[in-house]
Amino acid sequence: MVWHRVQPGVRGRVRHADDPGLVLPDGAHLGPVPGPDLLAPVHDHQRSLSIAGAALGGTRRLDRDHQGGGGHGRDPGAGCNPHHPVRAPHPGRVVAARLNGALIAPTYTLQPMPEYDAEYSEDPLYVLRHSTAHVLAAAVTSLYPGTKYAGGPPVENGFYYDFDLPRPLGQEDLPEIERRMAEIVARGDRFEQVLLTHDEAVQRFRELDQPYKLHWVGEKASDDELVSCYRTGDFFDLCRGPHLASAADIPAFKLMRVAGAYWLGNEHNRQLTRIYGTAWFSKEELEDYLRALAEAERRDHKRLGRELRIFALDDRTGLGNVLWLPNGATIRRELERWIVDEEVARGYLHVVTPVVGRLELYRQSGHWERYRDSMYPVMEAENGEELELRPMNCPHHILVYQQEIRSYRDLPMRIAEIGNNYRWEKSGELMGMVRVRSFALNDAHIFCTPEQLHQEIVGAIELARYFMCTLGVTEYRYRLSVRDPDKSKYVGTDEQWANAEGALVGALESLGLEYELGRGEAAFYGPKIDFQVRDVQRREFTNSTVQVDFQMPERFGLEYVAPDGSRQRPVMVHRGAFGSMERMTAYLIELYDGAFPTWLAPVQVAVLPVTDAHLPYAREVAGRLRAARVRVHLDDRPDRVGKKVAEARDQRIPYLVVVGAREVEGQTVSVRHRSGEQRTQTVEEFLARLLEEIAQRRR
RNA sequence: GCCGACGUAGCUCAGCUGGUAGAGCUAUCGCCUUGUAAGCGAUGGGUCGGGGGUUCGAGUCCCCCCGUCGGCUCCA
């Protein structure tokens, strides 16, 4: 669950997926923290500041966008050219992974990751937020005696702190907590580091009756290491730091919301009350951030999806089942045509298989054993046959493979389908079109020889990159998702896993791609490369994926006939170059702010007659465009042109064609692009340019 | 599933401490005949998410469900 950002030349950092950011001290890092205490505060709007309790060698400056940034680079990998879809792999550039601060050669062995990276904690914004989290805890513990505090790290846009409270806490309690925090800030309580021996620390937290802190002291520290703690007024916390010198150095903060969070991220543990907040180096930045949140809300795919009539959710379909409205279905149809054409051009064989299978099929694949809780309830027929809505396509594609004896000459065999899958996601996990219970996966399974594996992985990555590039998706990163140390969650031998991981790393490296490590993010049957994107609210999720699998071929006894006539076992690559249609569409809605490129726009041209008198000519123009397969809307309402323009703008229609007396006279059209650009031209000129733009899938 | 917030017309929302629902947009119909960011009028539209309860009286208070949103967990 620990990701390591791998980007040579860039400050590395470790994130803990379920507790991102600065977490409680890891044993390996505990001990005396060197450096001067309590430097004088020197912060300003340039965002440099001094930090107490850490050796930073003076002040540091930070440049980052208001979204917190970090992590996502722009346009990973060069050479994006959507107009030359089938490309040769570009020359490789070997990039080493960074583990535990050391560079790892391509033939690395995976080691346990630290939870924590010192560099990470020195980021001034994170220090500010970490310190604000302490102020929050100080306020909560003073307001609600008996509170047990668990942990409170900075996170991307702020911080949180988890509490076990004597009484339930709600949103309405936040203002009072904020007031108490403001008092602490006004008083200027100092952050003082206190170093204790292990026994002293245990003693101290026993006295304070803080079982969660005792857990960390006991878990993480050994006898001969000093334990770092911080005192802020009356509040005393186990913490490695570093911190601001004083609470007075917190210029702007705000508590955002209350949520539940399980102790240690385990749903079988007690659920604690988590309070989220944000903190900034100025009131202006805080306000900018809140404005950005409001803007993100306007771009949210759930909101735009309704406003632009792209999709709808209706309880009556069962939760998490999307209704694709005509506009959305148009976008999806264009995407699918493009995907299928491109895949066929790259040697994929598209198939159509059923959305149900016998339960036995999923027993054999291993999915039933592992995922039955998130599979739809079994349908049992009168004759005892048990059918299941398929949660993924692999078993069906394996059956396609098995319809004939396959020769090495048939390999690689790339079986693809845009097929519906059904998963019984927990109700609280559903989210617009991003997390649903039925979805169409742009899925494929490549059956190949071990020797072909490398090239097939490379090809799958390049296809995904081509799709992203054409769509203008530039902000994503590659995550190599591998096993975590608890191997019981996975099937297969160590050797198989090593081979599979090696193949993925080799492909990434030959493409010169930078990646991060996703420990514990592997599928149960093998490791994978995930393409991580972020939605408009900066939440990260997986769109594309490439997975290596030695297990399914064994479970299903797959074979091919080798040149020497022997029977050999193929390797499988599972890949979703595009992710699901639902998730990708949701992502694109937000990426484009609803203004889809012309080739995808549900309505490409709106024809707006100035008065009823010009309706016949408007019909003629619309008809000529339609004849060329352009998606046209003729607005024949008796309204002002201004109003029609305003509505067309709201609908993000790329081109508005206004026709009035002048156009009828000159047999022209007045074309207004949604960017505001306007020109008068003949229908032929307009149509030619339009068709070219569509054909090239220009954005 | 768990924690928190929310749920009033198709959409966006108003409705103070309980006294049997309102606006704008949309839709329909009519007038206007319009030149690139919103012309005018009329009409229609809600068992206030559902079910219980308290009360003379519940959109408003209490309980239980359902759903949405934000987190947590999960994500083949």
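For clarity, every value in this text was computed on a predicted model and none was experimentally measured. Each chain gets a letter, A, B and so on, in the order its sequence line appears, and its residues count up from 1.
Taking the C1' atoms as reference points, B:A14 lies 25 Å from B:G70, given to the whole Å. For the C1' atoms, the distance from B:A5 to B:U43 is 38 Å, rounded to whole Å. Nucleotides B:G24 and B:C40 have their C1' atoms positioned 16 Å apart, rounded to a whole Å. For the P atom pair drawn from B:G15 and B:G49, the interatomic distance equals 15 Å after rounding to whole Å. Using atom C1' as the reference point in both B:G53 and B:U12, the two lie 33 Å apart (nearest Å). With C1' as the reference atom, B:C74 and B:A37 are 46 Å apart, rounded to whole Å. As rounded to the nearest Å, B:A42 and B:U36 have P atoms that lie 28 Å from one another.
Taking 4.0 angstrom as the limit, A:Arg306 places a side-chain polar atom (N or O) nearer than this to OP1 or OP2 of B:U12. The side chain of A:Arg672 contributes an N or O atom lying less than 4.0 Å from OP1 or OP2 of B:A37. Look at A:Lys643 and you'll find a side-chain N or O under 4.0 angstrom from OP1 or OP2 of B:U26.
Listed nucleotides B:C75, B:U34, B:G1 differ in distance to A:Tyr262; the shortest reach to its side chain belongs to B:G1. Taking only side-chain atoms of A:Ala261, from C-beta outward, the nucleotide of B:G71, B:G35, B:C72 with the closest atom is B:C72. Closest to the side chain of A:Glu647, out of B:G35, B:U26, B:C75, is B:U26. For A:Val258, taking side-chain heavy atoms from C-beta onward, the closest of the listed nucleotides B:G4, B:C74, B:A38 is B:G4. Here the side chain of A:Arg539 is nearest to one of B:A76, B:G70, B:U73, namely B:G70. Taking only side-chain atoms of A:Arg649, from C-beta outward, the nucleotide of B:G71, B:C75, B:A38 with the closest atom is B:A38. Checked against B:A76, B:U36, B:G71, the side chain of A:Ser374 finds its nearest nucleotide in B:A76. Looking at the side chain of A:Ser670, the nearest of the listed nucleotides B:G35, B:A38, B:A76 is B:G35. Nearest nucleotide to the side chain of A:Glu172, out of B:C69, B:A5, B:C32: B:A5. Nearest to the side chain of A:Pro168, among B:G35, B:G4, B:C74, sits B:G4.
Counting any heavy atom pair closer than 4.0 Å across all strands shown, A:Asn266 reaches no nucleic acid atom. Contact annotation for A:Gln551: no contact, since no heavy-atom pair falls under 4.0 Å across all strands. Nucleic acid contact for A:Asp612: base, since at least one base atom lies under 4.0 Å from a heavy atom of the residue. Residue A:Arg435 is in base contact, counting any heavy-atom pair closer than 4.0 Å across all strands shown. Within 4.0 Å of A:Gly676, counting heavy atoms only, lies no atom of the nucleic acid at all. Nucleic acid contact class of A:Ala613 (heavy atoms, under 4.0 Å, all strands): none. Nucleic acid contact class of A:Leu319 (heavy atoms, under 4.0 Å, all strands): sugar-phosphate only. Residue A:Gly428 is in base contact, counting any heavy-atom pair closer than 4.0 Å across all strands shown. Here A:Phe541 lies out of heavy-atom contact (under 4.0 Å) with every strand. A:Gln171 comes within 4.0 angstrom of sugar-phosphate atoms only, judged by non-hydrogen atoms across all strands, and of no base. Within 4.0 Å (heavy atoms only), A:Lys528 reaches sugar-phosphate atoms of the nucleic acid but no base atom.
At a cut-off of 3.5 Å, with distance as the only test, no side-chain donor of A:Gln667 or A:Thr682 sits close to an acceptor on the other residue. Checked by atom type, the side-chain pair A:Glu429/A:Ser427 shows no donor-acceptor distance below 3.5 Å.
In this structure, the CG atom of A:Asp639 is 14 Å from the C1' atom of B:U36, given to the nearest Å.
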Distance-only donor-acceptor pairs under 3.5 Å for side chains of residues 650-658 of chain A, two or more places apart:
residue  : atom : partner  : partner atom : Å
A:Gln651 : NE2  : A:Glu307 : O            : 3.4
A:Arg652 : NE   : A:Asp593 : O            : 2.9
A:Arg652 : NH1  : A:Asp650 : O            : 2.9
A:Arg652 : NH2  : A:Asp593 : O            : 3.2
A:Tyr655 : OH   : A:Glu693 : OE1          : 2.5

Problem set entry | Secondary-structure notation, RNA chain B, from Watson-Crick and G-U pairs under 3.5 angstrom (| other strand) | (((((((..((((.....[..)))).(((((.......))))).....(((((..]....))))))))))))....
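Comparing A:Val658 and A:Tyr422 along RNA chain B, the residue whose closest nucleotide (by nearest heavy atom) sits nearer the 5' end is A:Val658. Residue A:Lys644 is the one, among A:Gly320 and A:Lys644, whose nearest nucleotide of RNA chain B lies closer to the 5' end (criterion: closest heavy atom).
Between A:Phe447 and A:His445 the shortest side-chain heavy-atom distance falls below 4.5 Å. Side-chain contact between A:Met256 and A:Thr278 is present, with heavy atoms from C-beta onward closer than 4.5 Å.
The ring of A:Trp424 has its center closer than 6.0 angstrom to the ring center of A:Tyr376. Residues A:Phe163 and A:Tyr161 bring their aromatic ring centres within 6.0 Å.
The environment of A:Glu297 atom CD is sparse: at most 12 non-hydrogen atoms of other residues, nucleotides or ligands sit within 6.0 angstrom. Annotation: A:Gln681, atom CD; neighbour count of heavy atoms from other residues, nucleotides and ligands within 6.0 Å is above 12.
Every side chain to side chain contact (heavy atoms under 4.5 Å, CB included) that A:Glu360 has, sequence neighbours left out, goes to A:Arg363.
Taking the 5.5 Å centre cut-off and the 30° plane limit, the aromatic side chain of A:Tyr371 is classed as stacked on B:A76.
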